[in-house]
Undergrad: 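Attaching a single structure in structure tokens format; questions to follow.
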There are 2 protein chains.
Amino acid sequence: MNPVSSNSNNSGAPSGSGAGGNGTGGSPTFSPLYQQIKALITQSLQSGEWKPGEMIPSEVELAGRFKVSQGTVRKAIDELAAENLVMRRQGKGTFVSTHHEARAHFRFLRLMPDEGVPHHPDNKIIEVKRMRAPAEVARLLDLKSGDAVVYIKRVQSFEGAPTILEELWLPGLLFKGLTAERLVEYKGPMYGLFESEFGTRMIRATEKIRAVAADASAAEFLHVLEGTPLLCAERVSFTYGDKAVELRRGLYLTSQHHYQNELS
Amino acid sequence: MNPVSSNSNNSGAPSGSGAGGNGTGGSPTFSPLYQQIKALITQSLQSGEWKPGEMIPSEVELAGRFKVSQGTVRKAIDELAAENLVMRRQGKGTFVSTHHEARAHFRFLRLMPDEGVPHHPDNKIIEVKRMRAPAEVARLLDLKSGDAVVYIKRVQSFEGAPTILEELWLPGLLFKGLTAERLVEYKGPMYGLFESEFGTRMIRATEKIRAVAADASAAEFLHVLEGTPLLCAERVSFTYGDKAVELRRGLYLTSQHHYQNELS
DNA sequence: GAGTGGTCTAGACCACTAA
DNA sequence: TAGTGGTCTAGACCACTCA
């Protein structure tokens, strides 16, 4: 239970040479105590010991469990909160983040209406199938070419206007029971489904954005002329441990919407 | 010098009711001590007491100056560092951030080559003039319609290939001496020039991104056919106090480059 | 060796939430 | 009233930089 007893300097004693037995085994990995605590907490999040939406143990309790001061636990949790893995609520506790929240939606859905308030999209599933990963998909998802993947194609509409044409590729091993029926009947963001039903939580993502011309197929789905400029966002999403678990290629019609970004 | 003595609980005494005289005047603004310290430090940054690239006083010295503990100063600086206003360097000190650094460049230049390492662009100034702000520009820059603005148009090339066509609007009051000659002879990022010569430091920005078709003019500058899909980024930049100080409209050719973004 | 930021502790009190 | 996170202090030591 005790974290790596590296430069142990605990207990009021003035200390000098560590009483914890250091300098022996000698794995070359040193890191601050709070980083070790953070890693331990992250493990519990990843293993599902504390599920999305649930409260994690209080700072005082974790401090006792890990045999460190509350301040050290606090710094660990501070970083986890900054990374949106947990959310702190004064007077209540610290809770595991979940995609079943309005706040999380807009972290990953950056398309905003030019005027008016954001609406939730209507989803229409076009296609769901299992297939072998093409080389490019395999490379981005860190799979072997030919490994099983789930392919999803859908259109999202705002106020009745088709606006997003999206294709997704998911590792087949992680999404065994994913069917078109389940996708269709599920209301809410897809990441919520992934989190609840498949235990895979998206933590962060990288996107590469380009402008492209609508081909015949895209033009039909989005009700525009072939050649219409579309915004193309290629996203790779990661879960705990920086493991890639989703490839998504979205085509956005940006005549009434824009991709909102903050630079800081 | 002493920050607002609100819920003053300093000096080892057990304390009870504040000795600092609270509950009298009663401005309804309460904030944690470290936030007040943060505001004071930000003021010094804004006023130029410590200039970009310079070291700010040490935590110990600031703690003495503000009559608070080092931990409180530390928390204030932690947040400023998180907002990229200052940079900490262990063993050396805390330094005011500057745009004259490779690190800062890529926070605001998100266009990356699809292959190979990023290069610095060649800039070609097309036009610089003073004009009266159109209504739309005035609105976004929080000016009155008709106020003086500086207008800049330029093309940026990577490896000889024109890739970015940019228009900028700057408040005339803040950029009085800005001339085409100065822009042409200056090497490096424009924000560096703004910071050094005009004392205006860009802190953060918001961008709205769309896909558009190249018009005749853009097509000519970027050496593409009219109608070619281009990525259009409309940026509003802010300095201290969330004051808008730049409007920028960029057209990006994304056949060999992409806009890189991180979602977290 | 002096000075800086970085880590860690121990303890106090405050602000908020819910029973 | 009890429990939670949030703030603040005081002091110790570590890791790094530089003269």
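Order of the sequence lines fixes the chain letters, A, B, ..., with proteins taken first and strands second; residue numbering starts at 1 for each chain.
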Undergrad: By ring-ring contact (aromatic ring centres under 6.0 Å, His included), which residues pair with His120(A), not counting sequence neighbours?
TA: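 ring-ring contact (aromatic ring centres under 6.0 Å, His included) list for His120(A), sorted by chain: His105(A).
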
Undergrad: Check side-chain contact (heavy atoms from CB on, under 4.5 Å) between Val184(A) and all other residues, then give those that pass, not counting sequence neighbours.
TA: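 For Val184(A) the side-chain contact (heavy atoms from CB on, under 4.5 Å) partners, ignoring immediate neighbours, are Ile125(A).
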
Undergrad: Can you find a side-chain donor-acceptor pair between Glu195(A) and Thr98(A) that sits under 3.5 Å?
TA: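 Note: Glu195(A) and Thr98(A) side chains meet the donor-acceptor criterion.
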
Undergrad: Below the 4.0 Å mark, does dC8(D) have OP1 or OP2 next to a side-chain nitrogen or oxygen of Ser69(B)?
TA: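 No, no such contact exists.
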
Undergrad: Report the residues that fulfil side-chain contact (heavy atoms from CB on, under 4.5 Å) with Lys51(A), sequence neighbours left out, ordered by chain and then residue number.
TA: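 Testing Lys51(A) for side-chain contact (heavy atoms from CB on, under 4.5 Å), a comparison that skips the adjacent residues, returns Glu54(A).
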
Undergrad: Looking at residues at least two apart in the chain, or sitting in another chain, which of them share a side-chain contact (heavy atoms from CB on, under 4.5 Å) with Pro57(A)?
TA: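 Result, side-chain contact (heavy atoms from CB on, under 4.5 Å) vs Pro57(A): Trp50(A), Glu61(A), Leu62(A), Arg65(A).
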
Undergrad: Counting C-beta onward and ignoring hydrogens, is there a side-chain heavy-atom pair between Ile37(A) and Lys75(A) closer than 4.5 Å?
TA: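 Side chain of Ile37(A) against side chain of Lys75(A), heavy atoms only: no contact under 4.5 Å found.
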
Undergrad: Between atom CD in Gln70(A) and atom P in dC13(C), what is the gap in whole Å?
TA: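 Taking atom P of dC13(C) as the reference, CD of Gln70(A) is at 15 Å.
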
Undergrad: Can you tell me how far P of dT7(D) sits from CD of Gln35(B), to the nearest Å?
TA: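 In whole Å, dT7(D) P and Gln35(B) CD are 8 Å from each other.
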
Undergrad: Which ones in residues 44-62 of chain A lie close to DNA chain D, meaning a heavy atom under 4.0 Å from one of its atoms?
TA: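 Close to the strand are Met55(A), Ser58(A), Glu59(A).
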
Undergrad: How many Å lie between CZ on Phe66(A) and P on dT7(C), as a whole number?
TA: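 In whole Å, dT7(C) P lies 18 Å from Phe66(A) CZ.
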
Undergrad: Side chain of Arg74(B): nearest nucleotide among dG6(D), dG6(C), dC8(D)?
TA: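 Side chain of Arg74(B) sits closest to dG6(C).
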
Undergrad: In whole angstrom, give the distance that lies between atom CD of Gln36(A) and atom P of dG6(C).
TA: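 To the nearest whole Å, that distance equals 19 Å.
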
Undergrad: Partners of Phe95(A) by side-chain contact (heavy atoms from CB on, under 4.5 Å), sequence neighbours excluded?
TA: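 Listed in chain order: Met55(A), Arg89(A), Lys92(A).
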
Undergrad: Between Leu33(A) (CG) and dA10(C) (P), how many Å, whole number?
TA: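 Atom CG in Leu33(A) sits about 12 Å away from atom P in dA10(C).
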
Undergrad: Who passes ring-ring contact (aromatic ring centres under 6.0 Å, His included) against Phe158(B), sequence neighbours left out?
TA: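 Partners of Phe158(B) by the ring-ring contact (aromatic ring centres under 6.0 Å, His included) criterion, ordered by chain and then number, come out as His257(B).
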
Undergrad: Once side chain to side chain donor-acceptor pair (under 3.5 Å) is applied, do any residues pair with Tyr191(B), and if so which ones, sequence neighbours excluded?
TA: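 For Tyr191(B), the residues satisfying side chain to side chain donor-acceptor pair (under 3.5 Å) (neighbours in sequence not counted) are Arg235(B), Ser237(B), Glu246(B).
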
Undergrad: Between residues 77-93 of chain A and DNA chain D, which residues have a heavy-atom gap below 4.0 Å?
TA: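 Nucleic-acid contacts, sorted: Arg88(A), Arg89(A), Gln90(A), Gly91(A), Lys92(A), Gly93(A).
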
Undergrad: Tyr34(B) has an atom OH; how far is it from atom C1' of dC14(C), in whole Å?
TA: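 From Tyr34(B) OH to dC14(C) C1': 13 Å.
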
Undergrad: To the nearest angstrom, how far is Lys38(A) atom NZ from dC8(C) atom C1'?
TA: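 About 17 Å, once rounded to whole Å.
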
Undergrad: Taking CZ from Phe30(B) and C1' from dC16(C), how many angstroms apart are they, rounded to a whole number?
TA: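 Atom CZ in Phe30(B) sits about 16 Å away from atom C1' in dC16(C).
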
